[in-house]
K.L.:
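Here's a structure for you.
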Amino acid sequence: MKNEGLAINGGKRVRETFLPYGKQWIDDEDIQAVVSILKSEYLTTGPAICEFEEKIAGYVDAKYAVAFANGTAALHAACFAAGIAEGDEVITTPLTFAASANCVLYQGGRPVFVDIDKETYNIDAKKIFSHVNSKTKAIIPVDYTGQPADLDSIIRIAKDNNLVVIEDAAHALGATYKGKRVGSISDMTMFSLHPVKHITTGEGGVITTNDSYYYNKLIQFRAHGITRDPQQLVTENRGSWYYEMQVLGYNYRITDFQAALGSSQLEKLPLFLERRKKNVALYNQLLTEFSEKDKLIIPFQHQDGESSWHLYVIQLRSECLKVDRDTIYKALIKENIGVNVHYIPVYLHPYYSQLGYDRGICPVVEKIYENIITLPLFPLMEESDVYDVVNALQKVLSYYAK
Ligand SMILES: *Cc1c(COP(=O)(O)O)cnc(C)c1O
């Protein structure tokens, strides 16, 4: 293997077919669940949505769940429910998908980025307090890769300063923190149902909460800010047709056939999680015995949480390599290994620069960002796929070793 040339230099590829970094798993039961709704009375706003919400709430051990058109819409709704408005500040992590911060901008607020912990890559709770001021209204921690953030510390700061915690658990369906399921801990928790995430509805998202005030706000925001509940009408009630638009909401509804797919997928979540964990255990074992192991850092896991392993992110030790991460990335892609980078620190995007966020505000994330690579990880991956990834890493890292 070592003596064969890299694919990027015209050598033979480690794999014949491309291995993506993530992928959904849809079976015949899922397809049947969707078809049965397509043949039924309601395509949207029917009973399948409530059923799915009850199942998700039950799974994470929360009182309420509200499903949305996508995870980003769900985050937007959570910011609305938390009362985020013009001029408010919301603390979040830079190492995330842009949606975790964009949802604050949608409400006219300003995201404040607090640097990450260099081991867990989650927001560094020790650095949050110095960013809290009279404008701060909420914290949006992200459970990066599926590993819960330092939730006890975050919730303590939030309680002391009257802040709402909206946990972005897009990666963390099925994760636990100190024995509790993610989804039952923060004021509101968001799960994404995009195809690369743990379960999918095509597009979709959910907020879970134990608070009936947030629950009612979320329901209202999802459908134009309209209410039909006679007890919530504020002017008059002219009959069962009557409704009021009381706030500016959106059409952020999910469809019934998507919700049915979600319920069917949720049945398989334990299997999906188990298969992810098995692949992670094999990665950990192979990369610990790896002859090039001095050239990378495998994911650190804090004892307080149990990750649901959405992503497996390694960090390259640039001091041991002749080339940068981007070169290693290109070489692995040529070997047919679908590596990826999660994420560009949000404030480095041109839109955020234009809003006045400067390079250098979170030095830890900027350094780590240059060296991280996401390895393929999804439930349908076989052991042989994990071996292919490790073989390709071996080939590429030994070639570029200093
Ligand atoms: C996927 C994701 C989202 C957004 O979810 P969508 O369903 O794609 O809108 C938000 N935050 C993080 C961290 C994500 O990975």
Side-chain angles (χ1 to χ4, degrees), residues 1-15 18-22 93-96 115-122 124 144-145 147 279-301 307 309-349 359-360 362-378 381 384-402:
M1 179 69 65
K2 260 190 200 164
N3 298 329
E4 268 185 32
L6 298 191
I8 201 169
N9 295 332
K12 189 170 177 290
R13 293 164 187 249
V14 163
R15 283 174 66 94
F18 187 75
L19 180 69
Y21 90 89
T93 170
L95 194 61
T96 185
D115 213 344
I116 59 167
D117 177 87
K118 66 182 193 323
E119 288 192 310
T120 64
Y121 311 149
N122 275 323
D124 187 344
Y144 177 75
T145 69
Q147 168 161 241
N279 286 327
V280 166
L282 186 57
Y283 268 136
N284 284 343
Q285 182 206 324
L286 296 177
L287 293 177
T288 312
E289 297 162 353
F290 196 47
S291 60
E292 306 296 328
K293 67 171 178 287
D294 56 325
K295 296 177 186 63
L296 58 86
I297 301 169
I298 65 170
F300 171 84
Q301 294 299 293
S307 180
W309 290 108
H310 167 53
L311 301 174
Y312 191 90
V313 174
I314 59 166
Q315 193 184 154
L316 300 174
R317 289 193 194 271
S318 49
E319 66 277 16
C320 304
L321 295 163
K322 283 189 287 204
V323 294
D324 64 5
R325 185 268 321 275
D326 297 349
T327 307
I328 303 287
Y329 167 89
K330 280 183 207 148
L332 288 167
I333 292 286
K334 286 289 184 195
E335 301 293 340
N336 262 337
I337 304 299
V339 283
N340 212 316
V341 176
H342 295 94
Y343 293 93
I344 302 166
V346 175
Y347 64 82
L348 294 180
H349 285 291
R359 188 172 281 273
C362 300
V364 177
V365 78
E366 288 181 27
K367 179 152 181 285
I368 285 171
Y369 159 58
E370 292 299 336
N371 294 315
I372 48 178
I373 287 198
T374 305
L375 304 184
L377 178 63
F378 52 93
M381 236 175 114
S384 59
D385 297 321
V386 176
Y387 277 96
D388 285 346
V389 176
V390 174
N391 286 338
L393 265 175
Q394 173 79 31
K395 189 177 166 188
V396 169
L397 294 186
S398 63
Y399 181 84
Y400 288 117
K402 252 188 193 160

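Just so it is clear, the model here is predicted, and its values are computed rather than measured.
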K.L.:
Taking V339 as the fixed residue, which of I333, T374, I328 is the one that meets the side-chain contact (heavy atoms from CB on, under 4.5 Å) rule?
P.N.:
I333

K.L.:
Side-chain contact, heavy-atom cut-off 4.5 Å: V14 with N336?
P.N.:
no

K.L.:
Do R317 and N371 make a side-chain contact, defined as non-hydrogen atoms from C-beta onward lying under 4.5 Å apart?
P.N.:
no

K.L.:
In sequence, state the C-alpha distance, the side-chain angles, and the governing distance for D324 and E370, and then conclude on side-chain contact (heavy atoms from CB on, under 4.5 Å).
P.N.:
CA-CA 8 Å; D324 64 5; E370 292 299 336; over 6 Å; no

K.L.:
Pairs in or reaching into residues 384-394: which pass salt bridge (charged side-chain N to carboxylate O under 4.0 Å, His left out), with residues at least two apart or in two chains?
P.N.:
R15-D385, R15-D388

K.L.:
For side-chain contact (heavy atoms from CB on, under 4.5 Å), just list the numbers for T327 and I8, CA-CA rounded to whole Å, side-chain angles, deciding distance to a tenth of an Å, and then say yes or no.
P.N.:
CA-CA 10 Å; T327 307; I8 201 169; 5.9 Å; no

K.L.:
Which atom pair, heavy atoms only, marks the closest approach of E292 to S398?
P.N.:
OE2-CB, 3.2 Å

K.L.:
Report the distance from atom CD of Q394 to atom NZ of K293, rounding to the nearest 0.5 Å.
P.N.:
11.0 Å

K.L.:
Mind checking the CD1-CG spacing from I372 to L296? Nearest 0.5 Å is all I need.
P.N.:
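Here the interatomic distance stands at 13.5 Å.
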
K.L.:
Applying side-chain hydrogen bond (donor to acceptor under 3.5 Å, both in side chains), can you list everything that pairs with N284, at least two apart in sequence or on another chain?
P.N.:
Y312

K.L.:
Assess the side chains of Y347 and E366: does a donor N or O sit below 3.5 Å from an acceptor N or O?
P.N.:
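Distance-only check passes for Y347 and E366.
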
K.L.:
Do you know the tightest heavy-atom contact between G338 and P376?
P.N.:
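Looking at all heavy atoms of both residues, the closest pair is O-CG, 3.9 Å.
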
K.L.:
Would R325 pass as a cation-pi partner of Y369, given that its NZ or CZ must be under 6.0 Å from the six-membered ring centre and within 45 degrees of the axis?
P.N.:
yes

K.L.:
Can you tell me how far apart CG (L311) and CD1 (I373) are? Round to the nearest 0.5 Å.
P.N.:
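It comes to 13.5 Å.
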
K.L.:
Kindly indicate, with the supporting measurements, whether the criterion side-chain contact (heavy atoms from CB on, under 4.5 Å) is fulfilled by N279 and F378.
P.N.:
CA-CA 8 Å; N279 286 327; F378 52 93; over 6 Å; no

K.L.:
Identify the two heavy atoms, one from A401 and one from K295, that lie closest to each other, and give their separation to 0.1 Å.
P.N.:
CB-CE, 3.2 Å

K.L.:
So do the side chains of H349 and Y343 get within less than 4.5 Å of each other, counting heavy atoms only?
P.N.:
no

K.L.:
What is the minimum heavy-atom distance between K402 and S318, and which atoms define it?
P.N.:
NZ-O, 4.4 Å

K.L.:
Taking side chain as C-beta onward, heavy atoms only, is L393 less than 4.5 Å from L332?
P.N.:
yes

K.L.:
What heavy-atom pair brings V313 and P299 nearest, and what distance separates the two atoms?
P.N.:
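That would be O-CG, 3.4 Å.
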
K.L.:
Please report the closest heavy-atom contact between I337 and A392, naming both atoms and the distance.
P.N.:
CG1-CB, 3.6 Å

K.L.:
Tell me, do T120 and Y144 make a side-chain contact under 4.5 Å, heavy atoms counted?
P.N.:
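Heavy-atom side-chain distance check fails, nothing below 4.5 Å.
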
K.L.:
What I'd like to find out is whether the side chain of L287 reaches to under 4.5 Å of the side chain of L375, using heavy atoms alone.
P.N.:
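They are in contact (side-chain heavy atoms under 4.5 Å apart), so the answer is yes.
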
K.L.:
Is any side-chain heavy atom of I314 closer than 4.5 Å to one of Y283?
P.N.:
no

K.L.:
Please step through side-chain contact (heavy atoms from CB on, under 4.5 Å) for the pair K334 and K330, ending with a clear verdict.
P.N.:
CA-CA 6 Å; K334 286 289 184 195; K330 280 183 207 148; 5.7 Å; no

K.L.:
Just so I know, are the side chains of M381 and L19 near enough to count as touching, which here means a heavy-atom distance under 4.5 Å?
P.N.:
yes

K.L.:
Check for a donor-acceptor pair, side chain of Q147 on one end and backbone N or O of Y121 on the other, with a separation under 3.5 Å.
P.N.:
no

K.L.:
For the backbone of A7 and the side chain of E335, can you confirm whether one donor and one acceptor N or O come within less than 3.5 Å of each other?
P.N.:
yes

K.L.:
How far does CG of L316 sit from CD1 of I368, to the nearest 0.5 angstrom?
P.N.:
12.5 Å

